[in-house]
Amino acid sequence: MGAPENDPRLNPGSFSRNPHAAHPEPFNAGVADDNDDKVSDLPASSTSTSTSTSTSLKDYNRELSSQPGPASGIRKPSFSMAKNIGIANQAGLHIILPESAARATSSGSLTDLRDCIVDMSVPTSQGRPFPGLALRDISNSLVVAGRVSGPVHITGVTDSILVVAARQVRIHECRHVDVYLHCGSHPIIEDCTGMRFAPLPSCYVRARLVVPEP
């Protein structure tokens with residue numbers, strides 16, 4: 001191609017005079033191949049599965065819903081590739097977050113849960129608390145919220161048990177809830193009935209879930 005006679009600009013319809021050069025198919029920028037924009041399935045590997053279920057909250061919750069209920073035992077989603085932890089629209093699940101979820105403690109939320117057990121304490125036990133946590137519309141459930149360095153907003157929780165260690169706690173519109181609580185300030189409780197409070201269980205105090213006093 002270095003010689004002038006091999007310059008394709010001088011030879012319309014040909015890429016080269018070099019007899020050894022192949023003649024590739026012309027590229028048409030206006031017509032895409034039929035398979036160019038088709039979405040194929042991800043490879044069936046543990047890494048791909050973890051990424052697809054952890055980085056997308058919507059996909060993760062759909063996967064939890066599609067799996068069998070209590071018969072499948074305890075779920076331990078890693079959230080290792082996610083930026084936050086969010087569990088929503090679930091019923092009849094027992095979920096324990098493992099240490100690999102510590103990277104996702106930038107924020108946390110539990111929403112629309114029924115008949116569930118959720119333990120979020122493990123990822124926050126080694127000095128990575130949630131800066132904030134929201135618990136909303138939860139019924140007949142046990143939630144161990146772990147350590148929270150900022151506020152916990154508890155709204156619309158009924159007939160449940162909560163274990164919370166936080167700087168600040170705001171409780172609104174809750175009924176018949178037992179709260180095992182350590183709070184760095186006076187909790188704010190509004191429009192609630194049948195609430196009962198107790199200190200954190202000693203096992204969680206020993207596990208360093210208590211937030212230091214300011």
Residues which pass side-chain hydrogen bond (donor to acceptor under 3.5 Å, both in side chains) with His176, listed by chain and number, not counting sequence neighbours: none
Sequence-distant partners of Asp178, side-chain contact (heavy atoms from CB on, under 4.5 Å), two or more places apart: Ile161, Arg196
Minimum heavy-atom distance Pro131-Thr105, with the two atoms named: CD-O, 3.1 Å
Candidate pair Leu110 and Ile138, rule side chain to side chain contact (heavy atoms under 4.5 Å, CB included), full reasoning: CA-CA 8 Å; Leu110 301 179; Ile138 298 172; 4.0 Å; yes
side-chain contact (heavy atoms from CB on, under 4.5 Å) involving Arg175 - partner list, sequence neighbours excluded: Thr158, Thr193
All side-chain contact (heavy atoms from CB on, under 4.5 Å) counterparts of Glu173, not counting sequence neighbours: Thr155, Asp191
Separation of Asn89 CG from Asp112 CG (nearest 0.5 Å): 4.5 Å
Residue pairs involving residues 96-109 (criterion salt bridge (charged side-chain N to carboxylate O under 4.0 Å, His left out); sequence neighbours excluded): none
Any residue meeting side-chain contact (heavy atoms from CB on, under 4.5 Å) with Ala101, in chain and number order, not counting sequence neighbours: Phe79, Ile85, Leu97, Pro123
Cys174 side chain near Ile154 side chain, heavy-atom distance below 4.5 Å: yes
Closest heavy-atom pair and its distance - Ala145, Phe130: O-CE1, 4.0 Å
Value rounded to 0.5 Å, distance of CG in Leu93 from CD1 in Ile74: 11.5 Å
Gap separating the CD atom of Glu190 from the CZ atom of Arg170, nearest 0.5 angstrom: 8.0 Å
Evaluation steps, side chain to side chain contact (heavy atoms under 4.5 Å, CB included), between Phe197 and Ile189: CA-CA 12 Å; Phe197 294 86; Ile189 306 171; 3.4 Å; yes
Inter-residue atom distance Arg136.CZ - His153.NE2, 0.5 Å rounding: 9.5 Å
Hey, can you pull the donor-acceptor pairs under 3.5 Å for the side chains in residues 113-120, sequence neighbours left out?
unit_1: Asp119; atom_1: OD1; unit_2: Ser121; atom_2: N; d: 3.0
unit_1: Asp119; atom_1: OD1; unit_2: Ser121; atom_2: OG; d: 2.6

Reported CD1-to-CE distance for the pair Ile171 and Met195, which is rounded to 0.5 angstrom: 4.5 Å
Polar side-chain atom of Ser125 near backbone of Val122 as donor-acceptor pair, under 3.5 Å: yes
Cluster check Ile188, Leu181: I/L/V/M/F/W/Y, side chain < 4.5 angstrom: no
Any donor-acceptor pair under 3.5 Å from Thr124 side chain to Pro129 backbone: no
